[in-house]
Protein chains: 2
Amino acid sequence: MSSSRNGHPNAKLAPKAVVGRVSLYLRQLETLQLQGLDKISSRQLGEPFGIKNAQVRKDLAFFGQFGHPGIGYHVDALISVLREILGVDKDWPLALVGLGNLGRALLKYRGFRSRRFHIVAIFDNDPRKIGQEFGGMIVEPIEALRKSIASHKTSLALLCVPAESAQQVADLMVAGGIRGILNFAPAPLSVPSHVNVAAVDLSIQLENLAYKVQKTQEGVSYGG
Amino acid sequence: MSSSRNGHPNAKLAPKAVVGRVSLYLRQLETLQLQGLDKISSRQLGEPFGIKNAQVRKDLAFFGQFGHPGIGYHVDALISVLREILGVDKDWPLALVGLGNLGRALLKYRGFRSRRFHIVAIFDNDPRKIGQEFGGMIVEPIEALRKSIASHKTSLALLCVPAESAQQVADLMVAGGIRGILNFAPAPLSVPSHVNVAAVDLSIQLENLAYKVQKTQEGVSYGG
DNA sequence: TAGATTGTTAATCGATTAACAATC
DNA sequence: TAGATTGTTAATCGATTAACAATC
């Protein structure tokens, strides 16, 4: 028995794959809530993603017992509990560094706000950008990162600078106390173990697709 | 020893994780090539990504024998072979659908071109955008997708429309003969099995980071 | 030759799936 | 009650790591 749930006491860190799927479940639940549904089974919850019912139950079981045998899961209740588990039941201030094309696109991206992620400060090293206004914020020089992180209590940062300067900027983020970096630069980052990095690497994703497409297009017609 | 290598004959599709890592190796090799290195060991190759030497060798062994015992791998030779394996030894035309903030940022993104991915046609359903020029191309209506895919022989597409219309546009892509979709919309896509989808889901990545940060910040101070 | 490093096998580890008693 | 569906255990599957003979 022993209270596990919502990640307080001795709970272990869930495997990354589990957390990713739980995010998907949460999103699906929110869609269903808008549609007025109030109950859902593990089978229905996994279906849109091609995830098996046993997997859904196992993933949720990692955090506690939320379902009702014979019934399924209550949509509203499960939403609350998953939001709490993932930590998206509160606001997360974000620092955005690098105002190139991608950085400016992220500044306007609506998907973040709906998840309580808010960009609160923006940084660039281009003197022509510093002092300018973007999305209601004044661009600060990268040296201002440290103070800004402290004053906004920022834990998460979006790293949108070119590959060449990514490590250098990451170092400044770490020095300032950042705990998680979403890295859009196509470069590996070296950070202390208490800092988490997630990479968004578009070229690698495209290469993956290219490989599969190439593979499934030939393959068929060749002999052993 | 039966030619495996470079993915011609009976070669099985490599596990997704393997392909992703091979992309990283290739990028690292290219960096080393620019630095003038001509040999490298499996240990050095994996180091920047925190990948163990045994893993690097096993990943490469999936495609063939490219190394030399006691020596390591020849940088130039391995680059050629990995490019061929991944399919990035040739040009890949891309269709871009959805010219919101993200779509326009991708249009200018340099990371694609260096990998021989080229956006060759752009689409939107907004009448104010159709006919306009972006990045040297004229915006076409989404209904033109089918003909364009055929004439450009496009296998890969970037899907940057809002979540609500993502499935509908994906259906048109599939009908037009697209074989791989890089999906930026926060919505699950349902496609036939011969079409590959890779999702770029920023909110989910951020939620992952938020979870870990939250977890490592508390955790420590609570009792069993 | 001695030292380095490969490709590959065996051992370990972790993740997914199937099955089912318990429950509504 | 009968049918549905959970949480969980056991079985399967796949991926990572360690170890080492073969090779340069």
Side-chain angles (χ1 to χ4, degrees), chain A residues 1-6 11-25 28-29 32 37-47 49-78 81-82 85 208, chain B residues 1-6 11-25 28-29 32 37-47 49-78 81-82 85 208 211-212:
Chain A
M1 296 288 100
S2 91
S3 74
S4 53
R5 211 180 124 248
N6 84 21
K12 282 197 210 89
L13 202 70
K16 192 179 171 343
V18 171
V19 181
R21 285 191 300 263
V22 168
S23 283
L24 292 174
Y25 305 151
Q28 180 64 11
L29 285 162
L32 295 166
L37 244 78
D38 68 337
K39 296 193 295 288
I40 190 171
S41 71
S42 56
R43 180 175 302 275
Q44 295 172 293
L45 196 46
E47 209 162 52
F49 314 106
I51 298 174
K52 297 238 158 57
N53 61 82
Q55 176 93 78
V56 172
R57 293 200 298 280
K58 198 120 214 276
D59 286 344
L60 296 175
F62 190 92
F63 302 102
Q65 308 188 169
F66 313 121
H68 306 277
I71 307 289
Y73 300 86
H74 287 299
V75 172
D76 293 2
L78 193 51
V81 98
L82 294 187
I85 287 169
N208 246 287
Chain B
M1 286 294 99
S2 91
S3 74
S4 54
R5 216 186 117 243
N6 84 22
K12 283 199 209 88
L13 202 72
K16 192 179 172 342
V18 172
V19 182
R21 284 191 300 263
V22 169
S23 283
L24 292 174
Y25 305 152
Q28 181 64 13
L29 285 162
L32 296 166
L37 244 80
D38 69 335
K39 296 192 297 289
I40 191 172
S41 71
S42 56
R43 181 176 300 276
Q44 294 172 293
L45 197 45
E47 209 163 52
F49 314 106
I51 298 173
K52 296 237 155 58
N53 60 83
Q55 176 94 77
V56 172
R57 293 200 299 279
K58 198 120 214 273
D59 286 343
L60 296 175
F62 189 93
F63 302 101
Q65 307 188 169
F66 312 121
H68 306 277
I71 308 290
Y73 301 86
H74 287 300
V75 172
D76 292 2
L78 193 52
V81 97
L82 294 187
I85 286 168
N208 246 287
Y211 170 77
K212 281 195 208 142

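Heavy-atom basis, side chains included; hydrogens, waters and symmetry copies ignored. Reminder, nothing fancy here: chain letters follow the sequence lines and each chain counts from 1.
- Here the OH-CG distance, from A/Tyr73 to A/Leu82, works out to 10.0 Å after rounding to the nearest 0.5 Å.
- Between B/Ser42 and C/dT5 there is no side-chain polar atom (N or O) within less than 4.0 angstrom of OP1 or OP2.
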For nucleotides 10-19 of chain D, 5' to 3', base contacts (B), sugar-phosphate-only contacts (S) and non-contacts (-) with protein non-hydrogen atoms under 4.0 Å give -----SSBBB

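- When all heavy atoms of A/Val75 and A/Leu29 are compared, the closest pair comes out as CG1-O, 3.7 Å.
- With sequence neighbours excluded, no residue satisfies side-chain hydrogen bond (donor to acceptor under 3.5 Å, both in side chains) with A/Asp38.
- Aromatic ring orientation, A/Tyr25 versus A/Phe49: tilted (interplanar angle from 30° to 60°).
- In terms of heavy atoms, A/Ala14 sits closest to B/Tyr211 at N-OH, 3.0 Å.
- In this structure, B/His74 places its NE2 atom 12 Å from C1' of C/dT6, rounding to the nearest Å.
- As rounded to whole Å, 12 Å separates atom P of C/dT8 from atom CG of B/Leu60.
- Residues A/Val22 and A/Phe62 are not in side-chain contact: their nearest non-hydrogen atoms beyond the backbone lie 4.5 Å or more apart.
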A correct dot-bracket answer for DNA chain C, with pairs being Watson-Crick or G-U at under 3.5 Å, [ ] for crossing pairs and | for inter-strand pairs, is ..||||||||||||||||||||||

Could you list, one pair per line, each protein nitrogen or oxygen that sits under 3.5 Å from a nitrogen or oxygen of nucleotides 21-24 of chain C, together with the distance?
unit_1 : atom_1 : unit_2  : atom_2 : d
C/dC24 : O4'    : A/Pro69 : O      : 3.3

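- Between B/Glu47 and B/Gln28, the closest side-chain pair of non-hydrogen atoms is not below 4.5 Å.
- Between B/Leu45 atom CG and C/dT5 atom P the separation is 13 Å, expressed in whole Å.
- Residues forming a side-chain hydrogen bond (donor to acceptor under 3.5 Å, both in side chains) with A/Arg21 (at least two apart in sequence, or on another chain): A/Asp59.
- Taken to the nearest 0.5 Å, the CD atom of B/Gln65 stands 13.0 Å off from the CZ atom of B/Arg57.
- Side-chain contact check for A/Lys39 versus A/His68: every heavy-atom pair is 4.5 Å or farther apart.
- One finds no side-chain N or O of B/Tyr73 lying less than 4.0 angstrom from the OP1 or OP2 phosphate oxygen of C/dA4.
- Following rounding to the nearest Å, A/Gln65 (CD) and D/dT8 (C1') show an atom-to-atom distance of 9 Å.
- Legend: residues meeting side-chain hydrogen bond (donor to acceptor under 3.5 Å, both in side chains) with A/Gln44, ordered by chain and number and at least two apart, are A/Ser41.
- Taking atom CZ on A/Arg43 and atom C1' on D/dG7, their separation rounds to 16 Å, with Å as the unit.
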